[in-house]
Colleague: 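Okay, handing you the structure first.
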Amino acid sequence: MPDTGITKILIREDEIQQIVADLGQEISDHYQQAGGELIVIGLLRGSFIFMADLVRKIHYPLVVDFMAVSSYGDGTTSSGDVKIVMDLDESVEGKHVLLVEDIIDTGTTFKKVIRMMQNRGPKSLRVCTFLNKPSRRKYDVQIDFCGKDIPDEFVCGYGLDYAQKYRNLPYVGVLSV
Ligand code: IMP
Ligand code: MG
């Protein structure tokens, strides 16, 4: 394996493209039915690559914004402490909000972000995650659009990091730590 620390490729590049295309189709269908203004919000930094690919597969007019929260330190286990590091520029009031996440693990991060977003009066709030680790869930999170369920392994690549590294890998790999 050329990338030190990656022991196995979990999702190949071509599989990722298929997952994103399918999600884009599902999301397009949903908002074409619903109508109204759509704002797609990516949680930084993990979602940036997924978000870039996903919005190009959504065939519906939309606005993009980003928000940064932190729940993990530089390790692989959740500290449970969620902080808002960077807030949105746009107002979400009266708009359809689609929250885009790289991975939902324990649900700690998302639970807090969803609650905060609901308080801002969106017309609707939907959640899209590239990856999902259901076996690790501590808080119930409703996922409307899910790319792929994965087992309880620490993964990197396609935006996902370990200590801010590996985000640039074009595939999703399992990291041995
Ligand atoms: P949660 O709050 O436990 O759901 O964690 C969500 C955040 O933890 C994600 O946005 C990721 O940044 C990070 N995370 C969780 N699992 C992994 C993983 O396997 N690889 C890389 N980051 C992860
Ligand atoms: Mg991360």
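Throughout, residue positions are numbered sequentially from 1 according to the sequence presented. Counting starts at 1 for both ligands and their atoms, in listed order.
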Colleague: Is there at least one pair of N or O atoms, one from Ile104 and one from ligand 1, spaced under 3.5 Å apart?
Modeller: no
Colleague: Is Lys138 in contact with ligand 1, taking contact as a heavy-atom separation below 4.0 Å?
Modeller: no
Colleague: Find out whether Ile11 and Tyr171 are in side-chain contact, i.e. whether some heavy atom of one side chain is under 4.5 Å from a heavy atom of the other.
Modeller: no
Colleague: Looking only at the side chains, is there a donor atom on one of Arg45 and Gln164 sitting less than 3.5 Å from an acceptor on the other?
Modeller: yes
Colleague: Apply ring pair (Phe, Tyr, Trp, His ring centres under 6.0 Å) to the pair His30 and Phe145, showing each step before the final yes or no.
Modeller: CA-CA 10 Å; His30 174 80; Phe145 309 102; 5.8 Å; yes
Colleague: Taking 4.0 angstrom as the limit and counting only heavy atoms of Thr109, give me the atoms of ligand 1 inside it, by number and element.
Modeller: 1 (P), 2 (O), 5 (O), 6 (C)
Colleague: Verify whether one side chain among Asp53 and Tyr158 offers a donor that lies under 3.5 Å from an acceptor in the other.
Modeller: yes
Colleague: Salt bridge or not for Asp87 and Arg120, using N-O below 4.0 Å?
Modeller: yes
Colleague: Apply the test side chain to side chain donor-acceptor pair (under 3.5 Å) to residues Asp14 and Gln18: give CA-CA distance (whole Å), side-chain angles for both, the deciding distance (0.1 Å), then the verdict.
Modeller: CA-CA 6 Å; Asp14 61 309; Gln18 190 57 56; over 6 Å; no
Colleague: What atoms in ligand 1 come closer than 4.0 Å to a heavy atom of Asp102?
Modeller: 9 (C), 10 (O), 11 (C), 12 (O)
Colleague: Work out whether the distance between some heavy atom of Arg137 and some atom of ligand 1 is less than 4.0 Å.
Modeller: no
Colleague: What's the shortest heavy-atom distance between Gly159 and Phe48, and which atoms?
Modeller: CA-CE2, 4.2 Å
Colleague: Should you measure from each heavy atom of Leu160, which atoms of ligand 1 turn up under 4.0 Å away?
Modeller: 21 (C), 22 (N)
Colleague: I'd like to check which ligand 1 atoms, numbered from 1 as shown, lie under 4.0 Å from a non-hydrogen atom of Asp105.
Modeller: 1 (P), 3 (O), 4 (O), 5 (O), 15 (C), 16 (N)
Colleague: Hey, is Gly107 one of the residues with a heavy atom under 4.0 angstrom from ligand 1?
Modeller: yes
Colleague: Name the option, out of Leu10, Val155, Thr106, Asp152, that contains the heavy atom nearest to atom 3 (O) of ligand 1.
Modeller: Thr106
Colleague: For ligand 1, which atoms sit closer than 4.0 Å to a heavy atom of Glu101?
Modeller: 10 (O)
Colleague: If the contact criterion is a heavy-atom separation under 4.0 Å, does Phe110 count as touching ligand 1?
Modeller: no
Colleague: Below 3.5 angstrom, do we get any N/O pair linking Cys156 and ligand 1?
Modeller: no
Colleague: List every atom of ligand 1 that sits less than 4.0 Å from any heavy atom of Asp161, numbering the atoms from 1 in the order shown and giving each element.
Modeller: 21 (C), 22 (N)
Colleague: Short list, please: which atoms of ligand 1 are under 4.0 Å from a heavy atom of Glu153?
Modeller: 19 (O)
Colleague: Are any of the side-chain nitrogens in Lys133 or Glu153 under 4.0 Å away from the carboxylate oxygens of its partner?
Modeller: no
Colleague: Do Leu38 and Val127 sit in one hydrophobic cluster, given that two such residues count as connected whenever their side-chain heavy atoms are within less than 4.5 Å of each other, even indirectly?
Modeller: no
